[in-house]
Structures are given as C-alpha cells and as structure tokens.
Amino acid sequence: MGILAVDLFITLDGVYQAPGGPDEDREGGFEYGGWQGAYFDDESGAVIGAGIDRIDALLLGRKTYDIFSGYWPEQSADDPIAAKFNAVPKFVASRTLTDPSWDGTTVITDVAAEVRAAKERFDEIHVIGSGDLVDSLLEANLVDRLNLYVYPLTLGSGKRLFGTATIPAAFSLVQQPITFPKGAIALVYEHTGEPVTGVDISQLDSPVLE
C-alpha cells in the first residue's frame, strides 16, 4: 500500500497561495504572490528536489493543474523537475475538465475512491498546492504524510492550510526538522490516528509546574 503525501510551501500564518510568482494566483485579490523566492537557497532547493524525486504520481486540484499544465510541458527536458512532472502519471480532481492537455493525465471525480485505488498502484502519490483538494483529503482521512516547508513571514491574507473541513487527527514528526540558511524550515509529519485530548495539564508531574 502506498502513501498520499501533501507538499506545501506555507507562511508562518498558514498561507500557501501563490508562492512561486506574483501572478501565479491572484484569486480573492491576493497581492503577495511570489513570496517564496526571497528565501530560496541551494540547501532548500536540494531538499525540495529530493522530495520531487520520490514522486511516483501527482494528484492536483483543478487550479494547480491548470498552472502546472501551462508551465511544465514548456520547460526544457534537461530540467529535472520538468522531466519528473511530465513523466509521472497525473490525476486531476475536477467535475468540469473533460479533455486534459497534459500527457499522462487522468481526470477523477470520486476522489476518495480513486485515491484509495491509486494507493494500491503507486508507492508515493504527492499533492502539491491544491488547497481545496487538500481540505477534502484531510476531511476524508486520506492524508498519510505532510511535507511542510515553512517560511519566516506572515501575510495576513490569502488561502490558508487547514480549513473548516479538517478533522481531528494526530501526526508524528518522522524526520528531524531541516533548517535552511535564509530561515525556512522543512517539517515531515505522518498521520498516526486520533489526537489525545482532555488532559488536565495541572495534574501532570512536571518540574515546570512546581
């Protein structure tokens, strides 16, 4: 059985909208696109690239798919990211797309059922961006891993991770955090089940509380 991993670049206040460029996604009047570039360095690029190397299939929401399908097929075959994205099978969650232009794309409408089936076929399916889809996947309890790249800024507006559809769940940190020279940090969490709640911290035996 494979896993479903969510890869997101996010700010300290949870915004994931348009990290890559000023015009990437202006929905909602968002004016802060292109916020990731100021923090890019060779070290973070290497870690992000290693994560992309592990992708066996891509699952994207419609908006992210339209952005990717309009960009990556036009890039040089010598670009390792373009080569990977263009080669792997791609799934796009959409009820309106009928004729996808990006080679290797399958349109899915029953996301939960088709994601479960895809996990039987691929070791690592990655979702990149696609916040609305991520919300649906979290609600359906289908996310196995969160690969979060957290950047040291706040924007105060924009699309945010963990919407109202998110269900209670516990995650464990499964790799040591990686810090990068310009202040970003990579965190890898895996879903472990139900969260522990109802603990009265005043009853814990802790020197901090004495």
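All of these numbers come straight from a predicted model, not from anything done at the bench.
- Between the side chain of T192 and the backbone N or O of A170 there is at least one donor-acceptor pair closer than 3.5 Å.
- In this structure, a donor-acceptor pair under 3.5 Å is absent between the side chains of D79 and W72.
- Between the CG atom in L137 and the CG atom in L4 there is a gap of 5.5 Å [rounded to 0.5 Å].
- Between Y32 and T11, the side chains place no donor N or O within less than 3.5 Å of an acceptor N or O (distance only, hydrogens not considered).
- Once rounded to the nearest 0.5 Å, the distance linking CD1 of I52 with CG of L58 reads 9.0 Å.
- By the 4.0 Å N-to-carboxylate-O rule, D53 lies too far from K84 to be salt-bridged with it.
- Counting only distance, with no hydrogens or angles, the side chain of Q75 and the backbone of Y71 share a donor-acceptor pair below 3.5 Å.
- In this structure, K182 does not pair ionically with E43, as no charged nitrogen and carboxylate oxygen lie closer than 4.0 Å.
- Residues F162 and I10 share a single hydrophobic cluster, defined by chaining ILVMFWY side chains whose heavy atoms lie under 4.5 Å apart.
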(message) salt bridge (charged side-chain N to carboxylate O under 4.0 Å, His left out), that's the test. Do D123 and R54 meet it? Break it down for me.
(response) CA-CA 9 Å; D123 289 334; R54 293 193 296 271; over 6 Å; no

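- Counted within 6.0 Å of CG on D132, heavy atoms from surrounding residues, nucleotides or ligands total 12 or fewer; the atom is thus considered open.
- Rounded to the nearest 0.5 angstrom, I178 CD1 and I185 CD1 are separated by 9.0 Å.
- Rounding to the nearest 0.5 Å places CG of L97 at 7.5 Å from CG of D99.
- Side-chain atoms of R145 do not come within 3.5 Å of backbone N or O of V6 as any donor-acceptor pair.
- I55 and L142 are not part of a single hydrophobic cluster, where members link through side-chain heavy atoms under 4.5 Å apart.
- A donor-acceptor pair under 3.5 Å links the side-chain atoms of S94 to the main chain of T96, judged by distance alone.
- A donor-acceptor pair is defined here as one N or O able to donate and one able to accept, closer than 3.5 Å; no such pair exists between the side chain of S136 and the backbone of V134.
- Heavy atoms only, all atoms of each residue included: N147 and A5 are closest at ND2-CB, 3.8 Å.
- Between F68 and F85, a ring centre-to-centre spacing shorter than 6.0 Å is recorded.
- In this structure a side-chain-to-backbone donor-acceptor pair under 3.5 Å is present from K90 to D103.
- Of all heavy-atom pairs spanning F30 and G33, the tightest one is CE2-N, 3.5 Å.
- Looking at heavy atoms from C-beta onward, V92 lies out of side-chain contact with I108 at the 4.5 angstrom threshold.
- At least one side-chain heavy atom of N141 sits under 4.5 Å from a side-chain heavy atom of I167.
- Heavy-atom minimum distance, E194 versus P168: OE1-O, 4.1 Å.
- The two residues F122 and D56 make their nearest non-hydrogen contact at CD2-O, 3.8 Å.
- Side chain of E139 to backbone of D135: no donor-acceptor contact under 3.5 angstrom is found.
- The residues D25 and K159 are annotated as salt-bridged, a charged nitrogen and a carboxylate oxygen being separated by less than 4.0 angstrom.
- Of all the heavy atoms in A82 and S76, the pair that sits closest is CB-O, 3.8 Å.
- To the nearest 0.5 angstrom, E114 atom CD is 5.5 Å from T109 atom OG1.
- Interatomic distance, L138 CG to L146 CG, rounded to the nearest 0.5 Å: 6.5 Å.
- Ring pair W102/Y65 is tilted by interplanar angle, where 30° to 60° counts as tilted.
- With hydrogens and angles disregarded, no donor-acceptor distance shorter than 3.5 Å links the side chain of T64 to the backbone of G61.
- Of the possible polar contacts, none joining the S130 side chain to the V127 backbone as a donor-acceptor pair under 3.5 Å is found.
- For D42, the CG atom is loosely surrounded, since the number of other residues' heavy atoms within 6.0 Å does not exceed 12.
- Nearest heavy atoms, R160 versus D13: NE-O, 3.0 Å.
- Annotation: side chain of V188 is not in contact with side chain of L173 (no heavy-atom distance under 4.5 Å).
- A salt bridge between R26 and E31 is absent, with no side-chain N of the basic residue lying under 4.0 Å from a carboxylate O of the acidic one.
- If you check the side chains of D7 and H126, you find a donor sitting under 3.5 Å from an acceptor.
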